[in-house]
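Okay, so here's the structure we're looking at.
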Amino acid sequence: MIERLDAFMARANAAYYATHDPFADFTTAPEISQVFGELLGLWAAVTWGLLGRPRPVLLVEAGPGRGTLMADALRAVAQVAPDFHAALSLHLIETSPRLRALQAARLPGATWHDRLDTVPHAPLLLLANEFLDALPIRQFVRRADGWTERHVGPAGFVEVKNTPPPVAEGGWGEGSAGGSHRSTPPPNPLPQGEGEGQIVELCEPAHGFVADLAARCVAHPGAALFLDYGPEHSTPGDSLQAIANGRAADPLSPPGSADLTAHVDFAALAATARDAGAAVHGPIPQGPFLARLGLFQRTGRLARGQPAPRAAALVEAAQRLAEPNRMGRLFKALALCHPGCPAPPGFVA
Ligand code: SAH
């Protein structure tokens, strides 16, 4: 049997998230510092104000993991923005029954969804950290006689002749007009020896998610904030990676034994959101984004009066999130907003 890479990746991640505590294998921003979730909660509260304080309003998180980000966000919102807290209802998009149970323990009163489709159409603020990188990708390989698509067979990758489909205007699909923020696939057939073996990736579920969300943010006052890792401009190349037991592993390890992720093509997703009519801000690096939201001020306030080792740990956690050679540059922030909404916090210098 051979299956397309995206089908393999979907199956592998469903099995992995159903059976593992992913956070034993890797650490995400909300697990590093409570300030991360607090700042994102306040981002949602301020952006709600910019949208004209619609009520009721949905606060939605995609891929909430252990529920840490949202628990920190709601605590901060309850203290600083009680009006927003009173107006919101909580919706969580999560497919893993195991993680849903962890989330339920920390976030009583939430409503769960498998997909965005079942979230009611209403004003919303959506947060998603390291969600898009888990969605299944397709990979196309440029060969001398045309494109192939990577499939997974019993002995490893198998290439099957197939041409990349067109994606939204601005993605890299054939027929896109090209431009500085796009990585258009190289023309085929290949000029002798050039670009042989080059891989381009396409994450169709991410484009579908962003297109649906952008349309919702146009139809009702709404905004969404994505944080994830990926380059600022679309770049060809194989970014599929696997983590098992805290270490890099073979992406084709038996399904369920490793967490599979790929770089998020923010520029292509931004183009998809713009095509749907949303205002797009970013992508910008996570470091300056969090710094503008007050990462270091809030950390300083928390650290004050704490025993020295605890204070040092809080500062170290903030540095890990923001320093360029750690998570501050590779991770990016991207916001989609209702077209009438001014630039949300963190995206204005
Ligand atoms: N946001 C959390 C967790 C990141 S891990 C954090 O920052 O710590 C990825 C999360 O997305 C997990 O909760 C996983 O179960 C969820 N997820 C992965 N694929 C999904 C899909 N297709 N639909 C919904 N949730 C998914």
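Being a predicted model, the structure only gives us computed values, none of them experimental. Counting starts at 1 for both ligands and their atoms, in listed order. In this chain, numbering begins with 1 at the start of the sequence shown.
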Honestly, for T95 the part within reach of ligand 1 (heavy atoms, under 4.0 Å) is both

Under a side-chain separation threshold of 4.5 Å, the hydrophobic residues clustered together with L50 are none

Side chain to side chain donor-acceptor pair (under 3.5 Å) between T68 and R106, intermediate numbers included:
CA-CA 8 Å; T68 308; R106 303 180 78 171; 2.9 Å; yes

- Message: Just so I know, are the side chains of L74 and L107 near enough to count as touching, which here means a heavy-atom distance under 4.5 Å?
- Response: yes

min-distance protein heavy atom vs atom 22 (N) of ligand 1 -> L135 CD2, 3.5 Å

Of all protein heavy atoms, the one nearest atom 14 (C) of ligand 1 is E94 OE2, 3.5 Å

- prompt: Do E204 and R138 sit within salt-bridge range, that is, some charged N less than 4.0 Å from a carboxylate O?
  reply: yes

Please determine whether the number of non-hydrogen atoms from other residues, nucleotides or ligands lying under 6.0 Å from atom CZ of R329 exceeds 12.
no

Looking only at protein heavy atoms, what sits closest to atom 7 (O) of ligand 1 is N129 ND2, 2.8 Å

Considering both backbone and side-chain atoms of T28, is one of its nitrogen or oxygen atoms within less than 3.5 Å of a nitrogen or oxygen in ligand 1? yes

Checking heavy atoms under 4.0 Å, the part of N13 that sits near ligand 1 is neither

Open item on the list: Does ligand 1 come near enough to Q103 that some N or O of the ligand is less than 3.5 Å from an N or O of the residue?
Closed with: no

For G65, the ligand 1 atoms with a heavy-atom partner under 4.0 Å come out as 2 (C), 3 (C), 13 (O)

| request: Inspect the contact between D228 and K332 and indicate whether a charged nitrogen and a carboxylate oxygen are less than 4.0 angstrom apart. | output: no

>> Check this for me: R115, atom CZ, are more than 12 non-hydrogen atoms of other residues, nucleotides or ligands nearer than 6.0 Å?
In response: no

re atom 9 (C) of ligand 1, the protein heavy-atom contact at minimum distance is E130 O, 3.3 Å

Any atom of ligand 1 sitting under 4.0 Å from a heavy atom of L69? no

Any nitrogen or oxygen of P30, side chain or backbone, less than 3.5 Å from one on ligand 1?
no

TODO: Start with the C-alpha gap between R4 and E149, add the side-chain angles, then the distance that decides, and say whether salt bridge (charged side-chain N to carboxylate O under 4.0 Å, His left out) holds.
DONE: CA-CA 8 Å; R4 232 165 66 176; E149 179 164 11; 3.6 Å; yes

Applying side-chain contact (heavy atoms from CB on, under 4.5 Å) to V152 and not counting sequence neighbours gives L5, F8, F157, L252

Ranked by distance from atom 18 (C) of ligand 1, the top protein heavy atom is A134 CB, 4.0 Å

inquiry  = What I want to know is whether G63 and ligand 1 share at least one N or O pair that is separated by under 3.5 angstrom.
reply    = yes

Per-atom filter on ligand 1: closer than 4.0 angstrom to a heavy atom of F23 are 3 (C), 8 (O)

